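Given the structure is predicted, the values throughout are model-derived calculations rather than measurements. So you know, we letter chains A, B, ... as the sequences are listed, proteins then strands, and number each from 1.
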2 protein chains.
Amino acid sequence: MAQQFSIGEMAKVGNCQVQTIRYYEEIGMLLKPSRTAGNQRVYTQAHRDRLNFIRHSRELGFSLAQIRTILALNDDPSHCCAEVDKIARAHLSEVESKIARLDDMRTELQRMIGACAGGLVSDCRIIEALSDHSLCLSDEHQK
Amino acid sequence: MAQQFSIGEMAKVGNCQVQTIRYYEEIGMLLKPSRTAGNQRVYTQAHRDRLNFIRHSRELGFSLAQIRTILALNDDPSHCCAEVDKIARAHLSEVESKIARLDDMRTELQRMIGACAGGLVSDCRIIEALSDHSLCLSDEHQK
DNA sequence: CTTGAACCTATAGCGACTGTAGGTTGTAGA
DNA sequence: TCTACAACCTACAGTCGCTATAGGTTCAAG
């Protein structure tokens with residue numbers, strides 16, 4: 001007999017909360033599982049695989065909408081891989097621009113913190129820097 | 001007579017939308033301005049400065065709650081700067097760990113995309129990699 | 001005096017969950 | 001068999017920081 005899983009076991013495997021699994025079911029990311037006589041969800045290995053896919057994709061930062069699309073493409077195995085590739089590349093460039101923005105933030109924060117002499121807030125360089133954008137060395141984070 | 005600003009001018013200055021300004025007022029980040037006879041908001045330079053502070057802090061990634069705290073500290077000018085410094089340092093380290101996580105994502109995405117030969121989805125290395133966490137070179141993004 | 005942009009309020013929606021309330025089921029030990 | 005108690009169930013509100021929509025009013029230019 002095929003292996004079965006409770007929602008709690010699924011949550012452990014997927015490294016997420018029980019509510020998250022129910023949420024995925026609600027929005028149609030996971031198929032509705034069968035139930036016990038007492039109305040509790042019973043999952044199969046197929047559910048587990050799908051949850052793994054979703055969770056791993058989420059860890060890599062894909063949106064649920066992107067994951068939904070990839071899963072749909074996957075369901076048509078004769079389909080060309082190009083679209084999956086396109087989604088992954090788009091996501092990569094999004095990740096890269098997030099990194100760039102955060103790098104700018106880091107630079108500016110370090111500069112602000114470095115300038116702080118630790119006196120009264122009336123002399124605080126951090127507050128001064130936050131007050132006035134023109135004090136920024138770079139304007140990268142404006143974009 | 002002191003300079004006055006409409007909500008639209010404020011939005012331009014703050015590089016945000018008109019609704020955002022009304023939202024800041026609603027949640028108490030900006031003081032309620034006076035109104036014209038026709039019930040339209042009229043802002044002063046003080047409002048503008050405060051909006052600048054908020055928007056610049058947001059661009060640097062501070063949460064509204066953090067900004068609220070810093071503004072409160074600022075309102076007590078005899079207060080020591082140490083707490084402001086603490087918030088800024090905490091935020092910096094958050095930014096740094098976000099960068100680290102995104103760097104891991106980038107590495108993994110590049111690896112996946114690099115492995116894709118461009119055939120059918122049934123042979124797709126990207127989908128394979130998403131399906132199975134154990135295929136990851138690093139497990140950094142699990143944390 | 002008309003047109004149209006800019007303003008007003010109130011409320012719902014976004015993404016991806018997370019938390020709460022209040023009830024039911026399953027299981028392990030006495 | 002009884003009793004705890006963890007794990008499950010549904011339904012719905014809340015998080016963050018806006019953004020969008022509907023339906024109405026005011027302001028300034030021509």
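Nucleotide C:dA16 holds its P atom 9 Å from the CE atom of A:M29, rounded to whole Å. One can place CG of A:N39 at 19 Å from P of D:dA7, the figure rounded to the nearest angstrom. With rounding to whole Å, A:R58 atom CZ is found 14 Å from C:dT18 atom C1'. Distance B:I27 CD1 to D:dT15 P: 12 Å, rounded to the nearest Å. Rounded to whole Å, the distance from CD on B:E25 to C1' on C:dA10 is 14 Å. What separates CG of B:N15 from P of D:dC18 is a distance of 11 Å, to the nearest Å. Remark: C1' of D:dC16 and CD of B:E94 are 13 Å apart, rounded to the nearest angstrom. Put simply, NZ on A:K32 is 13 Å from C1' on D:dC9, counting in whole angstrom units.
A close approach under 4.0 Å does occur between a side-chain nitrogen or oxygen of A:T36 and OP1 or OP2 of C:dG26. Taking 4.0 angstrom as the limit, A:Q19 places none of its side-chain polar atoms (N or O) nearer than this to OP1 or OP2 of C:dT18. Contact annotation: B:S6 side-chain N/O to C:dC7 OP1/OP2 distance is under 4.0 Å. Neither OP1 nor OP2 of D:dG17 sits under 4.0 Å from any side-chain N or O of B:T20. Close to C:dA16, at under 4.0 Å from its OP1 or OP2, lies no side-chain N or O of A:Q17.
Using a 4.0 Å cut-off between charged side-chain N and carboxylate O, B:E108 and B:R111 make a salt bridge. Under a 4.0 Å N-O distance rule, the pair A:E25/A:R22 does not qualify as a salt bridge.
Heavy-atom nearest nucleotides on DNA chain D were determined for B:I54 and for B:Q40, and the one closer to the 5' end corresponds to B:I54. Nearest-nucleotide assignment on DNA chain D puts the 5′-proximal partner with A:R22, out of B:Y23 and A:R22. Comparing B:V18 and B:E26 along DNA chain C, the residue whose closest nucleotide (by nearest heavy atom) sits nearer the 5' end is B:V18.
In this structure, the side chain of B:H91 does not engage the main chain of A:L109 through any donor-acceptor pair within 3.5 Å.
Using a 4.0 Å heavy-atom distance criterion, A:I7 is classed as a sugar-phosphate-only contact. Among the protein residues, B:R41 comes within range of the sugar-phosphate backbone only, with heavy atoms under 4.0 Å from sugar or phosphate atoms but none that close to a base. Looking at heavy-atom distances under 4.0 Å, B:Y24 makes contact with sugar-phosphate atoms alone, never a base. A:R55 comes within contact range of the sugar-phosphate backbone alone, with a heavy-atom separation under 4.0 Å but no base atom that close.
Note: B:I99 CD1 to B:R106 CZ = 10.0 Å, rounded to the nearest 0.5 Å.
Side-chain atoms of B:R55 and B:Y24 include a donor-acceptor pair closer than 3.5 Å.
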